[in-house]
Amino acid sequence: MPDLPKAYQPQLVEDKIYQKWLKSGYFNPDNLPANSASPRTEPFTIVLPPPNVTGTLHIGHATMLAIQDAMIRFARLMGKKALWLPGTDHAAIATQSKVEKIIKEETKSGEKPKTRHDLGREAFLARVHQYAQESHDTIINQCKKIGSSLDWSREAYTLDATRTIAVNTAFKRFYEDGLIYRGDRIVNWDPIGQTTISDDEIIYKETTTKLYTFKYGPEFPIAISTTRPETKVGDTAVAVHPDDQRYQKLIGQKFSLTFAGAPLTITIIGEDSVDPNYGTGALGVTPAHSSIDFEIASRHQLPIIRVIGEDAKMLPTNGGLVSGLPVLEARAKIVDWLRTSGLLEDEQEIAHNLPTAERTGATVESLPKLQWFIAVNKSFLKNGRTVTLKSLMQEAVRSKSIQIIPDRFVATYFTWIDNLRDWCISRQIWFGHRVPVWYRAQEIVVGIAPTGDGWVQDEDTLDTWFSSGLWTFSTLGWPDLNSPDLKTYHPTSVLETGYDILFFWVARMILMSTYLFDQIPFKTVYLHGLVKDDQGRKMSKSLGNIIDPLDMIAQYGADATRLSLVIGGTPGNDTRLSAEKIAGYRNFTNKLWNIARFVLTTVDGSMVGEAVGDSMVSKIKSINSVTPITLADQWILSRFATVVEKVTVHNHVLELSAAGELLRDFTWGEFADWYLEIAKIEKDKDEILLFILERLLILWHPLMPFVTETLYESWGRGLIMVANWPVADKPRYQNLDAEGSFAELQELVVGIRNLRSESKIPPKEVIDLTLVGANIISDTDLNLIAQLTKTTILQSASNNSPTTPVSQVSSTSSDGSTSSDGSTSSATAVIGERTISIVLPEQADPTIQRARLRAEITTAERYHSTLTSKLTNADFTSRAPVAVVVIEQEKLAAIEAKLITLRRELKNVGEY
RNA sequence: GGGCGAUUAGCUCAGUUGGUUAGAGCGUCACAUUGACAUUGUGAAGGUCAGAAGUUCGAAUCUUCUAUCGCCCACCA
C-alpha cells in the first residue's frame, strides 16, 4: 500500500520527478519505446520559440512552456515520435542594450558615462557573451522547473557555430539570387543605440506637437507646413498637386534663397501624391530625412542634402544658424528665426505619433545610409515559376498549407505582408552574426571567409530575426539536406507562440523556409494571448504587478501554475492571472491527490502486489476492462467513456483549455463528489475505481505532469509519460439510459438535501422521507438515495409510470399521505415527476414552508404561462419542428403536475 | 484614417451548427466536520446576456447600427 501524505507537497517531489524523466532519456524521441497502440513512427515536432538571453523567463514564457509541453506530452502518449527542440536566441540588439546599460551603471560618479567603445569590440563582446551565458543557464533551469519535456540533447543557440553556418549559407543564397543587396536608403536610425532598426522595431508614441506654417523667405511664393522646421535646411523642393490651380503655373520654377542662414535651392514640382486639401496643399521636400521625400526626390532627380547626423544633432555643414545643435534646440531656434523674420504664418497644436526605438526609447531619425536589404518585391525564378519573397509568404498561408489559430490572424498576416517594404537586415551593433561579406579593394566575397591577405569583413551585424527566421530547420541540420533530423522532423507540426510576434518572427520563418528550403516551416501556427494581471493590465516592473512563475511554482507547485495558465485561455485572447487563481488550481491538484489516496488506500489488498524497490513504489494490478454492476457503475463508466473521447478530440485540435475544463469537471464534480461517495456506500468497486483512476491520471498528464507521474509510481509500471493514451470504448461502456436514470437520482438527492437544508434539519439526523413515484426506482437505488441523504424512505406510491398523466399523480398521492393530514407540518418539493416530503419537527415554523412554496409556485406559474403562450401560438406549432413542439408539450404537462402538487401542499401548511 | 477583439452573476470566464427556466470557478451567506481531502463537504442567494433595430415560430447565439474598453496597422507633410 503506498504511503501517501495527507496533502500533496509538490516541493518535495517535482525535482526528483524531473530527474527521473531526464534519466529515462525519453525526452529524446530516438529513445522512446514503441507504444502498444502505435509503432511510434509518426513524427510530431515543436521547436521551442527560443527565449531571448536577456534575463529571466516571465509568466508569458511559462504559458508558452505549459501549452507546448501539454501538446508534446499528448503526442508522446499517443505513440508519436515526439520532439520538442529547445534553444535560446541571442537577441542581438536587446541583449547588447541590456549589457550597455549595465556598463553605463558601472560608471563611477563624476566620470563620463561608460560605453561599449570604452571597452572595445572584443572586450565588450566578452561581457555580452558572459551575460548571455548566465541568462541562458537561468532560463534552462526555469524551463526544467516548469516540467518542460524538452530534448536537451538537441539544444541550439541562434549564435552558435552550427547556426552560424546556416546563417552564412542563407545569406549567400539570397545574395547570389540577387535578393540581398547593399544600397543607400533612408533607414530608421536609433541615435542612442547607434544603429539602424527595422520598421517593426519602431513604437509610435502619442504626443502633441506644433504644426508650423511658413514661407522659406519673403520672396518665396508658397507657404508650407511642418512639425519639424529644423529639417527644412535640407529641403530641395516643394511638391504640389499638378492639378492645383493655385500653384500649377509655378511648377518647374527654381528659387535660390537663404533659409536661417543656410543657402537653399528649391524647385517647385508636381506630385500626384500630394493632398491639395491638407495644410497649404504644398509639401516641403526633405529628401535625406523622410522616406517619402526620398522617393519623390529620386523620381525628380532632386539633390539629397543631409542635415542631421547620427548623433541626432544638426550637421556642422549646411545648417546655417542651427549647425551642430541637437534637433530640438535647432527647432526652437528656427521657429524664433521664422517669427522674427515675419515668415511664420500659423502655428497650431496637433496630435502626433512620435517614432521611438523599441529598445532604447530614442526618437528615431530617418536618414540615408548604406545598408544591406532583403528585396521582398523583386521577381525571381523558383522551380520554373516567377515569384517574389512576398508572394511565397502569401502563398503558404493562402493555399492553406499553413493553418493559423485563431484564423482571424490570417487577415492580419496578409495586411502586414501587403505593406511590407524591403527588409533592412544590417545593424551597427557588435553582438550578433557579422555580415558574411569580405572586401579587398574592388573585390567582394560573400558567405565564406576568403583566404589571403588584406580582406576586411563588413563591420555590421545581422538583424536577429535573420537567424531566428531559420530556426525550424537550422536546428534540424540544414544546410545538410541529408540530415536525418531534417528529413524526419521537418516541416514541424505546430509553432506555438504569442500573437505579438506574428510579424517579427512567424512571417519571417515562412519567408526563410519557403525560399531556402522549399518547405513550409510548420503546419499549424497556434497563437496564445498575453498574460495580464487581474485587472487586465500588462504586467510591468513599474506597476509592481509582475507574477514570477518561479515564485508561483515554489508556492503552489508547477502543476497548479500550469493549469492556471492553460485553463481559461483561448488562442489569440489575453488571459488574466492572479495568485488566487493559481491557489484554486493548487486546491484541485490536492483534490486529485486525495482522490488517488482514497482509491489506493481503500482498494482490497489483492489489488496491490509486492512493494518494488523503495517503500513508495508498490505494484498495482492492471485492469483492462470492467463490468458495471450498479446504476452508479454504469453511469460513471458511460460518462468516463465520453470524457475520454472528448478530451482526446480536444487535444487533437489543440483545445487544451476545453480539455482541462472537461477533465476538471469530471474529476471533481462527478468522480469525486458522486462516485467516490457512492463507492463508500455500495462497496466492492475496486476494479472500477482503479480502472478509471489510472486512465484519468494519463488524461491529466499533459496538463499536470508532476502529480500524475508521482501517483503513477504506485502502479509500478514505469513512467506515465510513456503510458498509452486511454481508449474510450464507447460500444462497451456508453449507456445513455443509465446516464438518464442517474441524472434523475442526482436531482432527487439534491432536492432532498435542499429541503433538509432549508428546513434547518441537522445534516446528521436521520429523518423520514415520503417519496411519491418511487416505484420505477430499484430498491438498491432507493437505498442509495436514503444513505446519500440520511433519510429513511417511508413510502412510495405504487401505480404511476413515467408517462402517467397529471390527474393520476394527484389522485394517487393524496391517498394516505402522512404529510397531508394537517396534524404535522411537513416540507414538500416536486422533483421532475416525483414528489418528496419530509416531516418537520413540531416546533418548526410553518411560515418558512409557506414562503418557500409561494415562491416556487410563482416561478412555476410564470414558466407555465410562457409555455402556454408558446403552445397556443399557431406559428410555433405549425412551423417549429415536431420534436421541439413535443418537448414543449411535455414541459407543460410536467409544470402543470408540479403546480397541482405545490398548491395542494400550500393548503396543507395552512394557506387557505 | 483602416482593421481586429471584447462586452453574459460582485470578480474571472464557459456557452460548439439559433431550440431546457443561460452555466462554472472565485467571492458572499447558511449549515456541517475524529479518518481521501478545511487546499473539505452540503445547500442557498445572485444575471432584463452593453444598447437599439431587424431576420425567425423562436436570438446570449445570425444581420445592421450605436456605445464603452482594449489591441494592431498606417501615418499627412
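Below, all heavy atoms of this structure are taken into account, side chains as well, without hydrogens, waters or symmetry copies. Source: prediction; values computed, not measured. First the proteins, then the strands, lettered A, B, ... as listed; each starts at 1.
Counting non-hydrogen atoms of other residues, nucleotides and ligands closer than 6.0 Å to CZ of A:R421 gives a total of 12 or fewer. With a 6.0 Å radius and a threshold of 12 heavy atoms from other residues, nucleotides or ligands, A:K891 has its NZ atom above the threshold. Counted within 6.0 Å of NZ on A:K646, heavy atoms from surrounding residues, nucleotides or ligands total 12 or fewer; the atom is thus considered open. More than 12 heavy atoms of other residues, nucleotides or ligands shown are found within 6.0 angstrom of CD on A:E349.
Looking at A:E677, its side chain comes within 3.5 Å of the base of B:A36 through a donor and an acceptor atom. No hydrogens or angles were tested; on distance alone, a donor-acceptor pair under 3.5 Å links the side chain of A:K591 to the base of B:C37. No hydrogens or angles were tested; on distance alone, a donor-acceptor pair under 3.5 Å links the side chain of A:K680 to the base of B:A36. Taking only distance into account, the side chain of A:N353 meets the base of B:C75 through a donor-acceptor pair shorter than 3.5 Å.
Side-chain atoms of A:I595 lie closest to B:A36 of the nucleotides B:G43, B:C76, B:A36. Across B:U39, B:A77, B:U21, the shortest atom-to-atom separation from the side chain of A:I895 is found for B:U21. For A:Y863, whose side chain is taken as the heavy atoms from C-beta onward, the closest listed nucleotide among B:U20, B:G5, B:C37 is B:U20. Nearest to the side-chain atoms of A:A7 among the listed nucleotides B:U39, B:A36, B:A74 stands B:U39. Among the nucleotides B:U21, B:A14, B:C75, the one closest to the side chain of A:T570 is B:A14. Side-chain proximity of A:P881 to B:G19, B:U21, B:C76: nearest is B:G19. Considering only side-chain atoms of A:R753, the nucleotide from B:A24, B:G43, B:G19 that sits closest is B:G43. Distance from the side chain of A:K6 is smallest to B:C37 among B:U39, B:C37, B:U21. Closest approach to the A:F503 side chain among B:C73, B:U40, B:C31 is made by B:C73 (side chain taken as heavy atoms from C-beta onward). Between B:C75, B:A77, B:G19, one nucleotide has an atom nearer to the side chain of A:I292 than all others, and that is B:C75.
A:W668 places its CH2 atom 13 Å from the C1' atom of B:A36, with the value rounded to the nearest Å. Atom CD of A:E758 and atom C1' of B:C29 are 13 Å apart (whole Å). Atoms CG (A:N419) and C1' (B:C72) sit 12 Å apart, rounded to a whole Å. To the nearest angstrom, P of B:C37 lies 10 Å from CZ of A:F598. In this structure, A:K764 atom NZ and B:G41 atom P are separated by 19 Å, rounded to whole Å. Distance, A:N573 CG to B:C69 C1': 14 Å, rounded to whole Å. Here the C1' atom of nucleotide B:G18 and the CZ atom of A:F876 are 13 Å apart, to the nearest Å.
Among the atoms of the strands shown, base atoms are found under 4.0 Å from some heavy atom of A:R586. Within the nucleic acid shown, A:K581 has no heavy atom closer than 4.0 Å to any nucleic acid atom. Looking at heavy-atom distances under 4.0 Å, A:D574 makes no contact with the nucleic acid at all. A:F409 comes within 4.0 angstrom of nothing in the nucleic acid, heavy atoms only. No contact: A:T575 has no heavy atom under 4.0 Å from any strand. Looking at heavy-atom distances under 4.0 Å, A:D293 makes no contact with the nucleic acid at all. Within the 4.0 angstrom heavy-atom criterion, only backbone atoms of the sugar-phosphate kind lie near A:D673; the bases stay farther away. Using a 4.0 Å heavy-atom cutoff across all strands shown, A:V285 reaches no nucleic acid atom at all. Using a 4.0 Å heavy-atom distance criterion, A:P355 is classed as making no nucleic acid contact. A:D275 comes within contact range of at least one nucleobase, with a heavy-atom separation under 4.0 Å. At a threshold of 4.0 angstrom between heavy atoms, the contacts of A:T415 with the nucleic acid are absent. Note on A:E888: nothing from the nucleic acid sits closer than 4.0 angstrom, heavy atoms only. A:R862 comes within contact range of no nucleotide atom at all, as no heavy-atom separation falls under 4.0 Å. Within the 4.0 angstrom heavy-atom criterion, no nucleotide atom of any strand lies near A:L211.
Ionic pairing of A:R508 and A:D200 is present here: one or more N-O contacts between side-chain nitrogen and carboxylate oxygen are shorter than 4.0 angstrom. A salt bridge links A:R228 to A:E365: at least one charged side-chain nitrogen sits closer than 4.0 Å to a carboxylate oxygen.
Residue A:H352 has a polar side-chain atom (N or O) positioned under 4.0 Å from OP1 or OP2 of B:A77. Between A:N754 and B:A44 there is a side-chain N or O to OP1 or OP2 distance below 4.0 Å. For the OP1/OP2 pair of B:G2 and a distance below 4.0 Å, the side-chain nitrogens and oxygens of A:W416 include no atom meeting the criterion. Here A:K891 reaches the OP1 or OP2 of B:U21: one of its side-chain N or O atoms lies under 4.0 Å away.
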Point to revise | Working for side chain to side chain donor-acceptor pair (under 3.5 Å), residues A:T561 and A:Q555 | key: CA-CA 9 Å; A:T561 307; A:Q555 203 173 342; over 6 Å; no

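Across all strands shown, the partner of B:C69 is B:G5, judged by Watson-Crick or G-U wobble contacts whose two distances both fall under 3.5 Å. Under the Watson-Crick or G-U wobble criterion, with both distances below 3.5 Å, B:A45 has no partner in any strand shown. Pairing for B:C62 goes to B:G54, judged as Watson-Crick or G-U wobble with the two contacts each under 3.5 Å.
Side chains of A:Y499 and A:D574: a donor on one and an acceptor on the other come within 3.5 Å.
Along RNA chain B, the nucleotide nearest A:S757 and the nucleotide nearest A:R576 are compared for position; the residue whose nucleotide lies closer to the 5' end is A:R576. Comparing A:E580 and A:G284, the nucleotide of RNA chain B nearest to each residue sits closer to the 5' end for A:E580.
The side chain to side chain contact (heavy atoms under 4.5 Å, CB included) test with A:F259 is passed by exactly one of A:I266, A:I334, A:D235: A:I334.
Going from the P atom of B:A9 to that of B:G46 covers 14 Å, rounded to whole Å.
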